[in-house]
Amino acid sequence: MSSTRRWQHWLLSDSPASPFQAAAGRTYLGLAEFLKNRLAVFGLLIIAALILIAFFAPYIAPCDPLVTNLVNRLQPLSAAHYFGTDEVGRDIFSRIVWGSRLTLYVIGLVAIIAAPVGIIIGTVSGYFGGLIDTILMRITDIFLAFPKLILALAFVAALGPGIENAVIAIAITSWPPYARIARGETITIRNGDFIKAIRLQGAGPIRIITGHIMPLCISSLIVRITLDMAGIILTAAGLGFLGLGAQPPSPEWGAMTSTGRAYIIDHWWLITMPGTAIFVVSLAFNLLGDGLREVLDPKSDN
Amino acid sequence: MLQLFTIRRVKKATHQTVRLLIMVAITFFGLLFITFLIGRVVPIDPVLAVVGDKASPEVYQQARLAMGLDLPVWRQFFIYMGSVLHGDLGTSVLTAKPVLQDILRVFPATLELAVIATCIGIFVGIPLGVFSAVKRGSFLDHITRVIGLLGYSLPIFWLGLLALIVFYAKLDLLPGPGRIDVFYEDIVDPVTGIMLIDCIIAREWDIFWNALAHIIMPATLLGYYSMAYLSRMTRSFMIEQLRQEYILTARVKGVAEWRVIWGHALGNCAIPLITVVALSFGTLLEGSVLTETVFAWPGLGLYLTKSLLNADMNSVLGSTIVVGTIFLGVNLFSDFLYKVLDPRAR
Amino acid sequence: MNDSGHLLDVKDLTVSFPSPRGEVCAVKNVSFSLGHEKIGIVGESGSGKSVTGRAILRLLPPYAHIHATAITFQEKDLLSFSEQEMRRIRGRQISMVMQDPKYSLNPVRTVGEQIREAYTIHRKVPRRQARQQTLEMLTAVRIRNPEQVYRLYPHEVSGGMGQRIMIAMMLIPEPSLLIADEPTSALDVTVQLQVLAILDDLVTQRGMGLIFISHDLELVASFCDRIIIMYGGRIMEVVDAANLHQSTHPYTRGLLNCLPRIDGDKGKLSTLQRDASWLDADFSATAGGK
Amino acid sequence: MLQVDNLHVIFGHGLDLNHAVKNVSFTVGQGESFGLVGESGSGKSTVLNCIAGLINTWQGEIEIDGERLSHRRPKSFYRKVQMVFQDPYGSLHPRHTVDRTLKESVNIHHLGDANLRVVKVLGEVGLGPQFRFRYPHQLSGGQRQRVAIARALILEPEILLLDEPTSALDVSIQAEILNLLQDISKKRNLTSILVSHDLAVVSHMCDNILVMSQGATVEALSCDQLRSGDIKQRYTRQLLVASKGYDRAAIDQFQDY
């Protein structure tokens, strides 16, 4: 008790004695604020569970997700098959467990490709303004002129169906909004007195953009990217559903829903289970994003 | 002094309009460039697609020259652009008809869905957002939040399938996939292409009710997503506006609360909301691809999906250009409205 | 000055806001009364001067806790009024002008519409007559071309003109009390004085009461009849403007002495030494006017 | 020390053209405290921003120590000229501690002994070591302005540009900051230019004053001329009357400029 008190006192000190203590205090306050939002914590827990399931898939899944067993086809839920079996007798639970890897793969890759591109284009465009800004923003606008899914479809059509191509297509269509947000934030920040002040200390553009502007853009981008993850999951599943994303027999949730369509009248679990998985993960990202917004972007509420 | 002000206003407005049009032209140019690039990286040989893979080398070469594929890339692009601007989007391999003709045939079905969905979004979503912003933390606010969360998290195709199971297969309340029952097909003359309106023109009331029953599920489904989006955006815009000081001024004047909310605050939200409605219209075009697939709705989305699965590149790129152009047009229109409604932007 | 008795009586007004660390008291036990005169409320930021003004009109956010023994306006007990009855008081009887016309005017409506609205809420008159009245009011605040200004949008007018428009809007229903919350702080000095002159003339002509909230002690001293000096949510003292420089209260003296003066010497300015006991002392009993 | 000759600044073009500064010239001597006074839109802050190199669209001549300044400033320039801004809430990076803000300047110029310099300069502006690792939101307005002054001083400049350094502060805090600035200027023998709309502040702080209106010079005065009322221009006289408080009769004599 007294030792936790002491820690708390150290963390909340009005006059921290080191940069580390100052940063720790900040993190602590942010964390405390975040933990108060139960729904956001719930979202975070689901995402943590998703990551663990994906990591330990071989140990969690009772069956091989790809091995067919026609004798056992279209079995309802049971102790042997928690979520039943599909039209060729594969265990749906195992397929969903392995499918979590594909989901993580897609959102991870899209975030790694799209976020840095968006941030760099946005901040550079916003900071320098003028011709650079005009050119970069024209390009961004061209990409924004297509509805996302349609452009992704066109790219998939050109590159051929498949999960890698779906990732590329989604990434290409995801960065423009990030660039827009980063640019907007940069323009507001750039005109702030503290940027003038650091310019007067003799700092060059690279130091200003990376050390002063980006850290301030990043919090609103993290919120946006987290919320977008939900959309990316839905888009990837949609591509899978149309037969343009991951190809059978790989256990991608959208593709599983698509094959289950033929059996919806009598074998409801074929579409219900993968659909629920998509919904739960996407909901988790939405809840986490909303919670992060309240912590990182205090101006939006209250 | 004030006359000068008016002259400035007019000059500025012309200046801005010209700027806007140039921007749109550049964006359209880029749109064509991207579709052109996509068309060029396709692994399918366009010549083979025309002459078939049993053609002799001479025929192949002739077709290649006829299609202009020996010309430098930039010449090819300008030829492509010229033909698109003349409304020539090529011929569909699947239907053997000009792509533009195909699209004009299927588009009204999509438009019908998108317009009804947008109406649901505007007339349900916006009031819902206003109420929940005014009574923050109330029961209604929580409902709005759940509607929003579900709208952002549920896969539209899955929700469509579940709706089909429940309302068609189990309860048999609503008809199944398709735009109309099979035995009613091809009775009504497609004057506008929009089934409901065509039925009214032809005074075929049985068919009208049948078509209406068919459209309920897909339109409500799309409308739900539009509502989720609009109510959430409206809520946050309203919260922002209600914090402003002019709201306090209105209250000081003794303005009734309902007029403060629906007149002053919503009046200021209307301007950003126009952009949001335009955006949501674009999202609906995209949602229609999945919805139309689920409900076998013969619109642009279904056409695009079928073309994709059959590697019919002319149709795919043609549809992409058409959707992109519509999107651009809607955005241009919203920008224009923005200029008209917001005195600060004039 | 106090010709026809009291216009407004405030007794033991306390306003607090909930915060993560418990209730924070923004105003504590404030009492004063006002006749048909100009009274100034002066204080530094956080002294509770604006909150006091808004509490009278009941314009604070719903989570604020307002307590008072009495708020009496023209013998009517405002505390017992319903929200609907308050709405008939606002604008018609008590009005308020805020700091920055840039924010306090609705950006998408013309200036004329907004002033006209203030008039038609309280009086059922034909549109034409309301418009005529609006134009006359614009003339009264010395706007030379009212017809043109009527059609302008708030972003098209300068700060000084904007504040005149605000005054026109707030005085058009002919209220008997005006609360002016830092009405000229966003303006340049000369414009500030011109706006104050307009306000002064109209208030005097109509025999109104004025509560002038400001951070500028010297300005208030030259403009108002009496001054209420607030610090930390409490009234420190109430003095007649003419006697301000004879004040002996340490806080008032501190505020006066730390101002640089054009004809003063260039040495160090004296700084204000805050005293925790100021917050304990109970001046409200003596602050009830004369 | 500092000389400004025929300075012109034009923003925008076409319909939005704004001639913000018109033909302004003045000289500031070594160790002198110079004031720029005017109402909003007078161009006083713009002049300051030109000297600091924050605006690139000026024409004319700016000289420091007889050396002409170009639009691009070398790094060494910033060791000579520093600036303090008006808004203490906007001039500090919200995510950087006081320590980081101050150290960054030392690092940019590779001065070394960063810790020592930070502690020393904080002491000089009257902030104890307990403030060193705080974030701006943990400081009051006056304390933030002290940090901003410390940041300007840590590079040991010879010229200090002050852009309305106290207009966002309460009068009691204003007195403390003005006293601090006076002390430091004297101790370090700084040359300073103070921009303000407040005649009293300028006359308290400065030796010589330039009155500006709508981008142009109205007149140049010494502080003693201002005090004794030895003023030639009507505009300045009106400003002086206005700054003395509300006087109903005098206001009717005001003219619009």
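A note on names: the letters A, B, ... follow the listed sequences, proteins ahead of strands, and every chain is numbered from 1.
For D:P157, no part lies under 4.5 angstrom from a heavy atom of chain A. At a 4.5 Å heavy-atom cutoff, the contact between D:S105 and chain A is made by backbone and side-chain atoms alike. Only the backbone of D:L92 has a heavy atom closer than 4.5 Å to any heavy atom of chain A. D:R100 touches chain A through its side chain: at least one heavy atom from C-beta onward sits under 4.5 Å away, while N, CA, C and O do not. Interface remark: D:Y135 contributes side-chain atoms only to the contact with chain A (heavy atom separation under 4.5 Å).
For D:L17, the CG atom counts as densely surrounded, since its 6.0 Å shell holds more than 12 non-hydrogen atoms of other residues, nucleotides or ligands. In this structure, A:W10 places its CH2 atom where more than 12 heavy-atom neighbours from other residues, nucleotides or ligands lie under 6.0 Å away.
In summary, the side chains of D:H197 and D:E39 do not present any donor paired with an acceptor at a separation below 3.5 Å, with no hydrogens or angles considered. Side-chain contact check for D:N115 and D:R132: at least one donor-acceptor pair (N or O, by modelled atom type) lies under 3.5 Å. Side-chain polar atoms of D:E32 and D:T191 form no donor-acceptor pair below 3.5 angstrom.
Along residues 20-39 of chain A, the residues that come nearer than 4.5 angstrom to chain D, judged on non-hydrogen atoms, are A:A22, A:A23, A:R26 in order of number.
Each of D:Q130, D:K75, D:E104, D:R73 has some count of heavy-atom pairs under 4.5 Å with chain A, and the biggest count is that of D:E104. For the set A:G211, A:A203, A:S18, A:P215, the count of heavy-atom pairs under 4.5 angstrom toward chain D peaks at A:S18. When each of A:G202, A:G192, A:G204 is checked for heavy-atom pairs under 4.5 Å with chain D, A:G202 comes out on top.
Side chain of D:T57 to backbone of D:F11: no donor-acceptor contact under 3.5 angstrom is found. In this structure a side-chain-to-backbone donor-acceptor pair under 3.5 Å is missing from A:E185 to A:A182. Proximity of a side-chain donor or acceptor of D:Q82 to a complementary backbone N or O of A:L200 within less than 3.5 Å is detected.
Between D:K80 and D:E156 there is no salt bridge, since no side-chain N of the basic residue sits under 4.0 Å from a carboxylate O of the acidic one.
Pairs engaging residues 179-233 of chain A under the ring-ring contact (aromatic ring centres under 6.0 Å, His included) rule: A:F194-D:H93, A:H212-D:H93, A:H212-D:H96 [sequence neighbours left out].
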